[in-house]
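Keep in mind that this is a model prediction, so the values were computed, not measured. All values below come from the heavy atoms of this structure, side chains included, with hydrogens, waters and symmetry mates left out. Chain letters run A, B, ... following the sequence lines, proteins first and then strands; every chain starts at 1.
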There are 2 protein chains.
Amino acid sequence: MSHTVGIRQAQKQKTRQALLDAALHLLEEQSLSSLGLREVTRAVGVAPTAFYRHFPSTADLGVALVEEALGSLHPMIRTTVSTAGDSRQRIDRAIELIARHVAAYPAHVRFIARERHGGVQPVREAIRDQLARFAEEVRTELAEDPVSTDWNDDDLLMLAHLYVDQMLSTASLFLETLDAPEEERIRAADLARRQLRLISIGRRHWHD
Amino acid sequence: MSHTVGIRQAQKQKTRQALLDAALHLLEEQSLSSLGLREVTRAVGVAPTAFYRHFPSTADLGVALVEEALGSLHPMIRTTVSTAGDSRQRIDRAIELIARHVAAYPAHVRFIARERHGGVQPVREAIRDQLARFAEEVRTELAEDPVSTDWNDDDLLMLAHLYVDQMLSTASLFLETLDAPEEERIRAADLARRQLRLISIGRRHWHD
DNA sequence: CCATACAGTTAACAACTGTTCTCTGGAATT
DNA sequence: AATTCCAGAGAACAGTTGTTAACTGTATGG
């Protein structure tokens with residue numbers, strides 16, 4: 001049991017990543033349920049049968065993509081709904097973070113938005129589970145905010161889900177306006193900002 | 001130019017509808033981008049080539065399905081965000097309407113949720129356009145509410161989009177819990193109700 | 001009553017799909 | 001140095017796909 005990777009395993013992970021990358025690229029203009037195994041291997045330049053060395057089926061490839069797209073996002077959550085600064089600053093920071101992420105990983109965002117309600121059950125479930133984890137994390141973050149002192153856990157989770165949904169909706173909106181003129185992108189950011197503001201107002205007056 | 005339908009056209013529309021129904025059924029466990037033309041005709045019991053008498057491609061079939069799923073929904077919008085009753089009654093009525101609709105047309109709801117961000121561009125655009133129309137209608141309805149006297153059109157449209165998104169999100173949640181035990185369905189309805197309540201609170205305190 | 005229009009059929013096309021089995025070259029282990 | 005392991009290749013399988021062309025029967029309009 002050596003802790004060195006070895007040429008063998010290194011090469012394997014390399015082609016595995018190549019398969020993931022190629023699939024993500026192909027999925028920009030189709031859904032996972034229509035993605036062919038041969039289509040992916042052809043794009044990578046390996047034999048169709050090599051696919052099975054890495055994934056039992058394209059559905060498992062999809063689950064791996066969910067991990068890649070959302071797994072590394074958990075650290076970002078804490079800063080997104082961080083308690084630092086006043087309400088306006090927090091909203092601006094969140095919008096900025098989402099916009100940057102969409103610009104940096106558009107294919108990831110598209111994949112999640114597309115397959116969240118897509119035709120492949122295991123992938124839907126993987127996304128649902130990850131989003132539920134996000135909601136939990138957002139809840140614990142919200143609980144530390146002095147605004148939420150008299151909130152019960154159920155209401156906090158309700159608000160957390162609302163925020164997570166809003167984040168995804170905003171990310172999807174930003175994705176659509178990625179190639180649009182700057183004016184439209186500003187309008188989109190403005191819309192998202194005001195929606196977040198309305199939610200945060202509702203939050204402040206929840207117990208009236 | 002007769003106003004009588006004629007045996008011929010009647011039969012044509014009958015098979016056309018059969019194609020739409022079969023497609024909708026098949027789309028419950030896959031996405032439109034993987035729906036085969038032959039698959040649909042086989043389900044209806046008609047030759048593959050007959051498909052072309054009704055739709056140039058499966059994408060056009062999808063656009064027709066958008067029309068069927070959302071086109072008939074516009075009348076419902078007015079009553080959903082109607083101004084009658086107090087806030088709690090309005091929310092209860094909206095949730096009830098959504099729940100009924102999801103139970104009555106689950107395949108329609110699933111199709112819209114799935115293809116809204118799906119892999120077929122013309123269908124995405126058709127859904128986006130219809131939802132934009134919904135938002136416009138919601139806005140004019142909201143404008144008549146005395147709560148919105150000092151709201152500008154831009155903010156009203158922002159709120160309308162938030163409501164439309166929330167409706168879809170709620171419908172999708174209800175769809176997932178359709179076959180779940182009643183306890184979970186009640187929890188889902190409760191969550192949706194509180195989220196709507198938070199938004200409506202934010203709305204009331206928008207200009208503070 | 002007859003000519004036309006046309007929804008649906010049949011047959012054939014090349015291209016594609018997922019999956020199995022057998023094989024090979026080189027890294028890993030002993 | 002000899003042996004095992006295993007990522008990937010290659011070939012073949014039975015089925016599938018979208019699209020074309022030429023057809024048939026029947027409702028429709030003159």
Side-chain angles (χ1 to χ4, degrees), chain A residues 1-23 25-27 29-65 115 118-123, chain B residues 1-23 25-27 29-65 115 118-123:
Chain A
M1 198 181 282
S2 69
H3 61 295
T4 59
V5 277
I7 299 180
R8 199 101 185 230
Q9 293 209 358
Q11 183 57 41
K12 178 169 184 180
Q13 286 203 345
K14 204 171 165 185
T15 43
R16 187 193 135 100
Q17 191 58 47
L19 287 170
L20 289 170
D21 292 348
H25 180 70
L26 289 165
L27 284 171
E29 34 201 350
Q30 66 181 310
S31 307
L32 184 65
S33 74
S34 66
L35 183 70
L37 162 167
R38 298 182 97 107
E39 202 178 348
V40 180
T41 57
R42 194 186 312 129
V44 174
V46 303
T49 49
F51 186 91
Y52 293 104
R53 300 286 180 196
H54 304 274
F55 309 100
S57 75
T58 54
D60 301 84
L61 191 255
V63 172
L65 277 178
E115 301 303 330
V120 183
Q121 205 197 28
V123 174
Chain B
M1 199 182 283
S2 69
H3 61 293
T4 58
V5 277
I7 298 180
R8 200 102 186 227
Q9 292 210 357
Q11 183 57 40
K12 179 171 184 179
Q13 286 205 341
K14 204 171 165 184
T15 45
R16 187 192 134 102
Q17 191 58 47
L19 288 170
L20 289 171
D21 292 348
H25 179 70
L26 290 165
L27 283 172
E29 34 200 349
Q30 66 181 311
S31 307
L32 183 65
S33 75
S34 66
L35 183 70
L37 161 168
R38 298 182 98 109
E39 202 178 347
V40 180
T41 57
R42 193 186 313 129
V44 174
V46 65
T49 49
F51 186 92
Y52 293 105
R53 300 287 179 197
H54 303 275
F55 309 100
S57 75
T58 53
D60 301 85
L61 191 256
V63 173
L65 276 178
E115 300 303 331
V120 184
Q121 204 197 28
V123 173

Using a 3.5 Å limit for the pairing distances, which stems of at least 3 consecutive Watson-Crick or G-U wobble pairs does DNA chain D take part in? C:1-12 with D:19-30, C:14-17 with D:14-17, C:19-27 with D:4-12
Within a strict 4.5 Å, meaning less than it, do heavy atoms of the B:Y52 and B:L37 side chains meet? yes
Among all residues two or more places apart in sequence or in another chain, which pass the side-chain contact (heavy atoms from CB on, under 4.5 Å) test with A:Q17? A:L20, A:D21, A:E68
Rounded to the Å, how far apart are A:F55 CZ and D:dA7 P? 13 Å
Between A:D60 (CG) and C:dT19 (P), how many Å, whole number? 11 Å
Between B:L19 (CG) and C:dG8 (C1'), how many Å, whole number? 11 Å
Beyond-backbone contact of A:E29 with B:Q121, side-chain heavy atoms, under 4.5 angstrom: no
Please report the distance, rounded to the nearest Å, between CZ in A:R53 and C1' in D:dA7. 6 Å
Looking only at heavy atoms, the pair that brings B:S31 and A:G119 closest together is OG-N, 3.3 Å
Using a 3.5 Å distance criterion without hydrogens, assess whether the side chain of A:E115 forms a donor-acceptor pair with backbone atoms of A:G62. no
Rounded distance in Å - CZ (A:R16) to P (D:dA7): 13 Å
Heavy-atom donor-acceptor pair, B:S33 side chain to A:Q30 backbone, under 3.5 Å: no
Considering only D:dA7, C:dG8, D:dA9, which nucleotide approaches the side chain of A:K12 most closely? D:dA7
Any non-hydrogen side-chain atom of B:R16 less than 4.5 Å from a side-chain atom of B:F55? yes
Within this structure, what is the CD-to-P distance between B:Q11 and D:dA27, rounded to whole angstrom? 10 Å
I'd like to know if B:R8 reaches the base of C:dC6 with its side chain, counting only an N/O donor and acceptor under 3.5 Å. yes
Report the distance from atom NZ of A:K14 to atom C1' of D:dG8, rounded to the nearest whole Å. 15 Å
So do A:L65 and A:L32 actually touch side chain to side chain, heavy atoms under 4.5 Å? no
For nucleotides 15-21 of chain D, tabulate all protein N/O to nucleotide N/O atom pairs closer than 3.5 Å, reporting atom names and distance.
from: D:dT17; atom 1: OP1; to: B:R42; atom 2: NH2; distance (Å): 3.1
from: D:dT17; atom 1: OP2; to: B:R42; atom 2: NH2; distance (Å): 2.6
from: D:dG18; atom 1: OP1; to: B:L37; atom 2: N; distance (Å): 2.6
from: D:dG18; atom 1: OP2; to: B:L37; atom 2: N; distance (Å): 3.3
from: D:dG18; atom 1: OP2; to: B:R38; atom 2: N; distance (Å): 3.0
from: D:dG18; atom 1: N7; to: B:R38; atom 2: NH1; distance (Å): 2.4
from: D:dG18; atom 1: O6; to: B:R38; atom 2: NH1; distance (Å): 3.0
from: D:dT19; atom 1: OP2; to: B:Y52; atom 2: OH; distance (Å): 2.7
from: D:dT19; atom 1: O5'; to: B:Y52; atom 2: OH; distance (Å): 3.3
from: D:dT19; atom 1: O4; to: B:R38; atom 2: NH1; distance (Å): 3.3

Apply the test side-chain contact (heavy atoms from CB on, under 4.5 Å) to residues A:F51 and A:T58: give CA-CA distance (whole Å), side-chain angles for both, the deciding distance (0.1 Å), then the verdict. CA-CA 9 Å; A:F51 186 91; A:T58 54; 4.2 Å; yes
What is the distance, rounded to the nearest whole Å, between atom CD1 of A:I7 and atom P of D:dC5? 20 Å
